[in-house]
Amino acid sequence: MAKMTMVQALNLALRQEMEKDDRVIVLGEDVGRDGGVFRVTDGLLDTFSERRVLDTPLAESGIVGMSVGMAVYGLKPVAEIQFSGFIYEAFHQIESHAARLRNRSQGRYHVPLVVRAPYAGGVRALEHHSESREVYFAHTPGLKMVIPSGPRNARALLLAAIRDPDPVIFYEPKSVYRAFREEVPEEEEVFPIGKSVVARGGKDITLIAYGAMLRPTLEAAEKLKAEDGVEAEVIDLLTISPLDDALFTASARKTGRVVVVHEAHRSFGPGAEIVSRLIEKSFWYLEAPVKRVTGFDIIFPLFAREQTYLPGVERILSAARETLAV
Amino acid sequence: MAKMTMVQALNLALRQEMEKDDRVIVLGEDVGRDGGVFRVTDGLLDTFSERRVLDTPLAESGIVGMSVGMAVYGLKPVAEIQFSGFIYEAFHQIESHAARLRNRSQGRYHVPLVVRAPYAGGVRALEHHSESREVYFAHTPGLKMVIPSGPRNARALLLAAIRDPDPVIFYEPKSVYRAFREEVPEEEEVFPIGKSVVARGGKDITLIAYGAMLRPTLEAAEKLKAEDGVEAEVIDLLTISPLDDALFTASARKTGRVVVVHEAHRSFGPGAEIVSRLIEKSFWYLEAPVKRVTGFDIIFPLFAREQTYLPGVERILSAARETLAV
Amino acid sequence: MPKKVLELPYQVEYLSILDKDGNVDAALEPDLPADLLLRLHRAMLLGRRFDERMLRLQRQGRIGTFAPIKGQEAAQVGPVAVLRDSDWMIPAFRETAGELMRGRSMESVLLYFGGYDEGGYVPEGINNFPISVPVGSQMLHAVGVAWGLQHDGKDDVAMTFFGDGATSQGDFHEALNFAGVWQVPAIFVCQNNQWAISIPRAKQTAAQTLAQKALAYDVRGIQVDGNDILAMVVAAQEAVERARVGEGPTLIEAVTYRMSLHTTADDPKRYRTDDEVALWEERDPIARFQVYLKAKGLLDDAQIAALEEEIEAEIQTAVAHTEAKMAEPVDPLAMFDYTYAEPSPYLLEQKEELRRELMGQS
Amino acid sequence: MPKKVLELPYQVEYLSILDKDGNVDAALEPDLPADLLLRLHRAMLLGRRFDERMLRLQRQGRIGTFAPIKGQEAAQVGPVAVLRDSDWMIPAFRETAGELMRGRSMESVLLYFGGYDEGGYVPEGINNFPISVPVGSQMLHAVGVAWGLQHDGKDDVAMTFFGDGATSQGDFHEALNFAGVWQVPAIFVCQNNQWAISIPRAKQTAAQTLAQKALAYDVRGIQVDGNDILAMVVAAQEAVERARVGEGPTLIEAVTYRMSLHTTADDPKRYRTDDEVALWEERDPIARFQVYLKAKGLLDDAQIAALEEEIEAEIQTAVAHTEAKMAEPVDPLAMFDYTYAEPSPYLLEQKEELRRELMGQS
Ligand SMILES: Cc1ncc(C[n+]2csc(CCOP(=O)(O)OP(=O)(O)O)c2C)c(N)n1
Ligand SMILES: Cc1ncc(C[n+]2csc(CCOP(=O)(O)OP(=O)(O)O)c2C)c(N)n1
Ligand SMILES: [Mg+2]
Ligand SMILES: [Mg+2]
């Protein structure tokens, strides 16, 4: 066991899987010599050479399109898109091919591709570097959408993503990259895609979050206990698609009150699907309307206003208290 | 007044607005000499010449990116993407620029652009020609997403879209293109973007639909009256974003029971946001869980299975009856 | 020298061996074995007849929309003929003759355009991608496959097809640039059939050739008479041999013509003249090749007639088999099978919901 | 002739007038008025000094991430200098010196990189686009603007900037192809600064020049010493004049060097040697131009010193003004103002929700 940041944990996952499986190829802009602009691929080029680690020209569609070809051929590409804000240049390759080749070829081919990208806000970045648009992928059949919240699950989920026979969009909350360290077992650990976890047990209200929003949500839960004597259950989704509705609907049936927290815009956001599953599967247990604490339906502001844009402990607390007051 | 198909009505809207406003430019693949593969732009080239109607090279990003430049410069481009399944090639131009230039320039510039595209299923088409992915745009701040259901509102909404100072994604349900004719007034008629309409009044249950799903939904409503003596209220959304929640939440408060119908995939689909608004704004009036009758979370099948994939009268009826049975 | 002309790596050439009347340029005539020449002829004829039959089937409403290949037989049969089974073919959607020569069955083509996803299945052992409808997007897949082949030290190649319109897509640029950077064994065959639906080649780009676009990547480019099967074989052979020995990718512009409709939903009369079509009918790739084969004494009218009958029978069998299959009841639930290796619980709930719904209805 | 070499429309040239030591090629020396020469010098020096100041401000945490321009002053000041106010400039994100010369204020630059959306505002009367961060995506906007200018019969032009890495993007291809098809008055200035973050020019494409990529579109392409302000002015002047009279677009490859960091988040030591940087410091665009101006008797050390002081004072004022503005309380609700002309009811509800939340917190 060693204490690691999320960046180190992701690097460990890549390194170990590349050692174990020589079909795994890492490619993207600046992933080689530079080790990635966030250093997630640091040192891989030296260890595995240009045969396994490709610095590509500056073209996202090229990166993903080439990866689709590699995957169908029989390799396991792990493509990095330098920031999720530039994955749209490759959106057609993801939607039209990565997600569809299994069905198009009726199972003859499949696309074991992972597309990694740093995403979301909180790091005082430039335009296009702070958005959370996981819904684009969660709504796309043929794709899986995974978002870790800490070093340990990031490592264990990235391993699962690389081994998954289908394309996985793996969004890494960059504000968590170096925010804290966590024990990460040296020996291999794999968490299943499609399963969420209870990050904190409770009986009075359910708070659902993921990625960088997990920590403020846990903080809010502690405040609820300290200041209101309320026991909040906090669920960490980990996988956005397929959504593990079994876990959070069970929690809702227990607590009767739910607040969903995400950085993504509210309208047509991830929270909307969670609300809908709750209505489909635990309507009769809900004692209050489900609240959404989210980013607003506006262009993500530059960093002078970033922290007001992002859901924080205060907003989560208010929503929880309003929900409890019903 | 003349009876027109949706294709003719759209053509009328373009023709009249181009006559009235010489800043309106039509561009896209095959929109000129060929009049568009569905003939929506038929005859425009002859009337307005190559100065106003551009047959472009085969490049969607080029079409939209060039349109963004035209719009900022001071023209009003109406770009056609031949099928919505190929709008992803231009997704980055839409998300990264069309939707953002007003905010990026803090109001100095804006992007009065309409991107038209035939979308959705029901016409026995090839792969990529039947999907309904309006959520990608509805979730994107800076964009508006409009989907007409018939000739008359198609014409009146396209006029509104062209005059809107912000970018509008205008999806045309191709199975409706020639499905029926409707009286369309010769004189100009404009319907406001952001407003839905009651397509059929009722007090017992609310059925929410749009695009090609409106007609089977109305049919289901008639059957409910005839076979169950139930008065269903049917709402035609017309605009997906911004969503007119005032109208459907008011209806829900009246009926207490709601079914949402769309061709789009269920998970993270448009219905999810509608459910969420209902929970936020009329939770206490709901007497049954809101049901979603939708396309499934799979790749849209080729046409041998298309009709089983698409929501039809039977599925809408079953959902309505289950909702009423609660 | 402060103002100097920059040296380009090589020059773009144009190749033609068998002219429109079937006269061969002796200096350039390749020495191809008789059986190969006859295989080429058969593949082109089969492609032509199958295309004609599909058009009739579509007009009768027995299959859906498809993209006819009439006139482009040489442009696709030539390059495919120089591939071996272990090579890869990454088609667009107008390479039916080439796909058949690569081992795809007529049944699967008919089934696919008949609206059955089952028709997309590619049998094990045939390294073909399914057709790719988004114009220009498949070239990058060929680069990925070719990179993999290079990575594994194989001397196989990846050959991809696309049209003149596809050269305007950004993905064309990214694919050729990537191919140049890693010098992968990829062959890019552009079937320049003069039209992208209603857009003539001249409006697609100001460049007078598509082959010269290769210069942007220091990739080899050559323009070939795409209705000349001998020139297509020679050009493809050169490109494939270079690729096999690690000499990198090639862009081949096959100058041909779409003699038929863009797709069965298209009406070419709106945008092109009969004269233009007539002009190209004189350049028919099959007719000129038959003249050549007859001159070589490899084929006579009787043999052609026999071959026509044989092909007709094959097509008939394929149509019959397919229609028998289409007559069987469809399993609607099968559409849930290939979106993921493992369907999620929620997806299974949807499948179950549909199953119950269908039972209720029947 | 059945096998022939195809004619290309023109040749790609390389232009250099003022060498690295400030020696001018008399035959090519342009006859530029003294005041223009001094304006060019001032703009380059201002660009350099402002860049240095921004770097210090960033290191002190007073502004956020930005992309330094050090070494690229001539490559952007030259082309911008030949534009008139009614022309359009469509920048990427590394043209600060050029933007300033086009009338953007230092305050707006500082405010923008200080995290204030307000810094993106472009004052009426200045036809500049705001900076564009998605690499390669802005060239198409220039094509749209240029098409509009042509449509309106104006003789203004649209000039867009981008880097060597941007030439790998599909949008570069689509923009140049569209520009060629309509022969729009667009000038594409590629600042080839040898690096795209850690990717050297040689790994970006196999082509030995970026200028030759213009051949793919029958668009004119020229490679220029981008650290030679005279050559940049001459090349841009030619391109702009052609564009104004309807002779179409030009691609200018300015061969320059990013002497500083990619952005303030970058560590170039990971991927390039100090020797390489030293080599390019000898080719500094400002130093050589000062040698030239001194030789012409247009500038002496005293004047340079005075100019340095003047510039230092201007920068100081701009920084002071901006920091005063930044010291004022921010109106967080302003972030709701520019997503749409008319906010929807639901958006207003969200704004109200935040307003109440903020009141509750304070
Ligand atoms: C990305 C994309 N845009 C548009 C279309 C619609 N479309 C299908 S084929 C075609 C023309 C293709 O022209 P070309 O590349 O020359 O191939 P050809 O059809 O002539 O074989 C178009 C516009 C598509 N299938 N994909
Ligand atoms: C579409 C896109 N992909 C990736 C990035 C991240 N990024 C910012 S600048 C840059 C390198 C750009 O290189 P070049 O075009 O040569 O311009 P330079 O930075 O050298 O001025 C990259 C990869 C981006 N901003 N946009
Ligand atoms: Mg074509
Ligand atoms: Mg660069």
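Nothing here was measured: the structure is a model prediction, and the numbers come from that model. A, B, ... follow the sequence lines: proteins, then strands. Residue 1 opens every chain.
For B:Phe296, the parts lying under 4.5 angstrom from a heavy atom of chain C are both the backbone and the side chain. Both the backbone and the side chain of B:Ile299 come within contact range of chain C, judged by heavy atoms closer than 4.5 Å. Neither the backbone nor the side chain of B:Gln307 comes within less than 4.5 Å of any heavy atom of chain C. Interface remark: C:Leu347 contributes side-chain atoms only to the contact with chain B (heavy atom separation under 4.5 Å). Neither the backbone nor the side chain of B:Phe83 comes within contact range of chain C; no heavy atom of the residue lies under 4.5 Å from a heavy atom of that chain. For a residue to count as touching a neighbouring chain, one of its non-hydrogen atoms must lie under 4.5 Å from one of that chain's; by this rule B:Thr56 touches chain C with the backbone only.
For residues 110-123 of chain C, the interface with chain B (any heavy-atom pair closer than 4.5 Å) comprises C:Tyr112, C:Phe113, C:Gly114, C:Gly115, C:Tyr116, C:Asp117, C:Glu118, sorted by residue number. Within residues 134-142 of chain C, the residues having any heavy atom less than 4.5 Å from a heavy atom of chain B are, in residue-number order, C:Pro134, C:Val135. Listed in order of number, the residues of residues 200-215 of chain C that approach chain B to under 4.5 Å between heavy atoms are C:Lys203, C:Gln204.
Residues B:Leu10 and B:Tyr177 are in side-chain contact: their nearest non-hydrogen atoms beyond the backbone lie under 4.5 Å apart. Side chains of B:Pro216 and B:Ile316 form a contact here, defined as non-hydrogen atoms less than 4.5 Å apart.
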> Taking it one step at a time, do C:Tyr217 and C:His173 satisfy ring-ring contact (aromatic ring centres under 6.0 Å, His included)?
Replying inline: CA-CA 9 Å; C:Tyr217 319 99; C:His173 177 71; 5.3 Å; yes
>> Evaluate B:Phe86 against B:His129 for ring-ring contact (aromatic ring centres under 6.0 Å, His included), listing each step before the verdict.
In response: CA-CA 9 Å; B:Phe86 310 122; B:His129 291 66; 5.2 Å; yes
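For chain B, the option among C:Gln350, C:Glu353, C:Met326 with the highest count of heavy-atom pairs below 4.5 Å is C:Gln350. Listed options C:Ser168, C:Pro268, C:Pro343 were ranked by heavy-atom pairs under 4.5 angstrom with chain B; first place goes to C:Ser168.
Under the 4.0 Å criterion applied to side-chain N and carboxylate O atoms, B:Arg33 and B:Asp55 are not assigned as salt-bridge partners. Ionic pairing of B:Arg39 and B:Asp34 is present here: one or more N-O contacts between side-chain nitrogen and carboxylate oxygen are shorter than 4.0 angstrom. Between C:Glu352 and C:Arg355 there is a salt bridge, since at least one side-chain N of the basic residue sits less than 4.0 Å from a carboxylate O of the acidic one.
Between C:Tyr271 and C:Trp195, the ring-plane angle classifies as tilted under the 30° and 60° cut-offs.
Residues satisfying the salt bridge (Lys or Arg N to Asp or Glu O under 4.0 Å) criterion with C:Asp267, sequence neighbours excluded, are absent altogether.
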